[in-house]
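Excluded from the calculations below are hydrogen atoms, water molecules and symmetry mates; all remaining heavy atoms, backbone and side chain alike, are included. So you know, we letter chains A, B, ... as the sequences are listed, proteins then strands, and number each from 1.
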Amino acid sequence: MVWFEIYWIRGLLYIGISIFTFVVATQLGGGIFGILFGVFYFLDGLMYILAHIKGETHTAEDKNASSLGINTTRLKAKAAATAMGIVVLGTMGNLLAKKKQKNPKISQADMAILELKGQRDKLLQHQKQIQSAIDQAQKVAAALIKEKKKDRALLALKKKKLHTRRLTKVLDQVMHMEELISGVETAQRDKEVFLAMKKGSESLKEIRQELSLENVENLMNESADAVESQNRISEMLAGNFDAEEEEAMNRELDSMMGEAGVTMEQLELPSVPSKEPTLLEQKGVGEAEEEEEEEEEPLPPPAEAVPG
Amino acid sequence: MSKAFSFPSHYNFPPFFTKQPNRETNSTRVQLWKDLILNYCRHHRIFVIDVRESLATSPLFCNEKISRKLRQDDANEIFHYMASGGYAEWYHQDGNKLLIYWKKPSEWATLMYNWARDTGHLNAVLTFYEIQEGDISIGTDLHGIDPLILEKSARVLEQQGKVIIFSTEGGETSGIKFLES
């Protein structure tokens, strides 16, 4: 018999799981479902212990559910527990994911930049520290020379030299860091530019698709057809004159104009006023005149609107 | 410091250093002290004062010429007045460290945001250390700002939704991302 086939051990295990689920649900915000699953697990565990007290043991019959009574309950509980396990795992996965993505406006690149900049800041602090050590060694050396302690002054100068070498190294590292940071920043910006361009080209493509040659041709054909049928309709409605009749009409017009002594040029009419005539009708005549004066380009009003 | 701070004439007036029995006179005196402290700190770019130490040694509170010193009680009255007006803030429970706001956090916040906008740092990630000590802030008022005041000002911007403050996973470095608003 395997250990988990002993019912009371299994019952305790389930109760343990239920408590764990309960803690996850309440402390980390798994919600009402988490609590529910915890309760179910707990009941499941209790049931196993009850079965143990009743003297039941794990047998092959359990698996084909042939017996009735507590066995079926246990099967149901088992099924429920399995389902719950899946859901709980899902909830926990969600929780972990939530914890990772704190703020949608902070991208991974931002995080990486902050990390790099943090390292660089540390180097800068280190640089300051070395700088002050160099200054200190310089001071000590100067003081020792004054005291005529040549050997110790030399030692101090050696120290200074050592620090100076370290300083160059640190400065190099800072330089590298800066390069890396600006590299990440540039890459990030490039990505944004790329995305924007991609969007633009996509919409261009979409528009192009709508405006395909075939579609345009179809459209042009359709409108040509429409114009033609329209022409036909108006011809049919108007009843057409043939060329001879048209000429006769023109001749008659000419002769009438000749009789009246009017030429084509004299027939030219003054241009149509661009102002709304209704304005003049609605307002008093005086007001209308004032309006006229305010206009930049006053149009000659109709004769009857101007007072004598 | 490039230029010595020129104290106002009342600084050499002995009653300025002691509490006045007349209430009105005293409140004027307290106000003058507030102005003096703010001006002095602005001139020397002092962001935090150690109350005990500065009361004992700082020329701001010790006028050797007329051998007068500001007493602790009188100083507390002035500091309390400044704190109530938002010109100072106690930080540390023992009441010994005082943040001096010759610019209030909200003013620092505006200054910082405008600086970030004008120097093209919107949408970029900056560390607090960088704003405070880095090359990018040299020549601006922000350079050398007290980290505590910097953080307070950043929190003001965060409340306004103009920046996001975040930290690395280990929490070692805190950074700020200025957003376009």
Side-chain angles (χ1 to χ4, degrees), chain A residues 28 95-132 135 167 170-197 199, chain B residues 45 47 109 112-113 115-140 142-151 153-181:
Chain A
L28 295 175
L95 279 177
L96 287 179
K98 232 187 249 170
K99 271 212 153 175
K100 252 188 189 172
Q101 275 213 332
K102 257 190 196 162
N103 201 321
K105 281 181 182 162
I106 298 298
S107 67
Q108 275 200 316
D110 289 342
M111 217 58 192
I113 289 172
L114 186 67
E115 201 90 44
L116 286 171
K117 283 195 165 177
Q119 284 303 320
R120 185 211 46 199
D121 290 350
K122 261 185 217 156
L123 283 174
L124 286 176
Q125 274 163 307
H126 194 50
Q127 178 205 329
K128 270 188 189 169
Q129 191 190 322
I130 296 173
Q131 188 62 55
S132 74
D135 295 347
L167 186 66
V170 170
L171 284 176
D172 274 355
Q173 283 173 334
V174 169
M175 226 27 238
H176 270 124
M177 278 301 214
E178 293 281 11
E179 270 170 31
L180 206 55
I181 290 164
S182 82
V184 175
E185 279 176 340
T186 315
Q188 201 181 8
R189 226 151 272 168
D190 285 352
K191 189 182 138 200
E192 274 164 29
V193 171
F194 170 74
L195 285 178
M197 282 169 73
K199 228 180 180 178
Chain B
R45 294 185 61 78
F47 294 93
M112 184 163 40
Y113 190 81
W115 164 77
R117 191 194 51 213
D118 296 344
T119 49
H121 285 112
L122 292 189
N123 280 329
V125 176
L126 300 177
T127 61
F128 281 111
Y129 181 81
E130 193 173 16
I131 296 174
Q132 188 190 313
E133 297 286 334
D135 295 348
I136 53 168
S137 69
I138 285 180
T140 71
L142 284 167
H143 197 72
I145 187 175
D146 181 79
L148 219 72
I149 295 180
L150 178 62
E151 202 197 318
S153 318
R155 295 281 171 209
V156 172
L157 287 174
E158 191 187 35
Q159 290 251 308
Q160 296 170 352
K162 286 180 172 173
V163 302
I164 294 174
I165 297 171
F166 65 113
S167 300
T168 51
E169 271 170 40
E172 283 182 346
T173 314
S174 290
I176 184 166
K177 184 178 179 177
F178 290 91
L179 304 174
E180 282 169 272
S181 56

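Taking chain A as the reference chain and counting heavy-atom pairs below 4.5 Å, the highest number among Leu179(B), Asn123(B), Val125(B) is found for Val125(B).
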One pair to check against side-chain contact (heavy atoms from CB on, under 4.5 Å): Glu130(B) and Arg120(A). What are the steps and the verdict? CA-CA 9 Å; Glu130(B) 193 173 16; Arg120(A) 185 211 46 199; 3.1 Å; yes

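Around the CG atom of Asp135(B), the shell of radius 6.0 Å holds no more than 12 heavy atoms that belong to other residues, nucleotides or ligands. The neighbour count for Arg117(B) CZ, taken as heavy atoms of other residues, nucleotides or ligands under 6.0 Å away, is above 12.
Between atom OG1 of residue Thr168(B) and atom CD1 of residue Ile113(A) there is a gap of 14.0 Å, rounded to the nearest 0.5 Å.
With a 4.5 angstrom heavy-atom cutoff, Leu126(B) touches chain A via backbone and side-chain atoms both. There is no contact between Gln188(A) and chain B, counting heavy-atom distances below 4.5 Å.
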Would you mind writing out the side-chain donor-acceptor pairs for residues 169-178 of chain B within the sub-3.5 Å range, not counting sequence neighbours?
residue   : atom : partner   : partner atom : Å
Glu172(B) : OE1  : Lys122(A) : NZ           : 2.9
Ser174(B) : OG   : Ser167(B) : OG           : 3.2
Lys177(B) : NZ   : Lys105(A) : O            : 3.0
Lys177(B) : NZ   : Asp110(A) : OD2          : 2.6

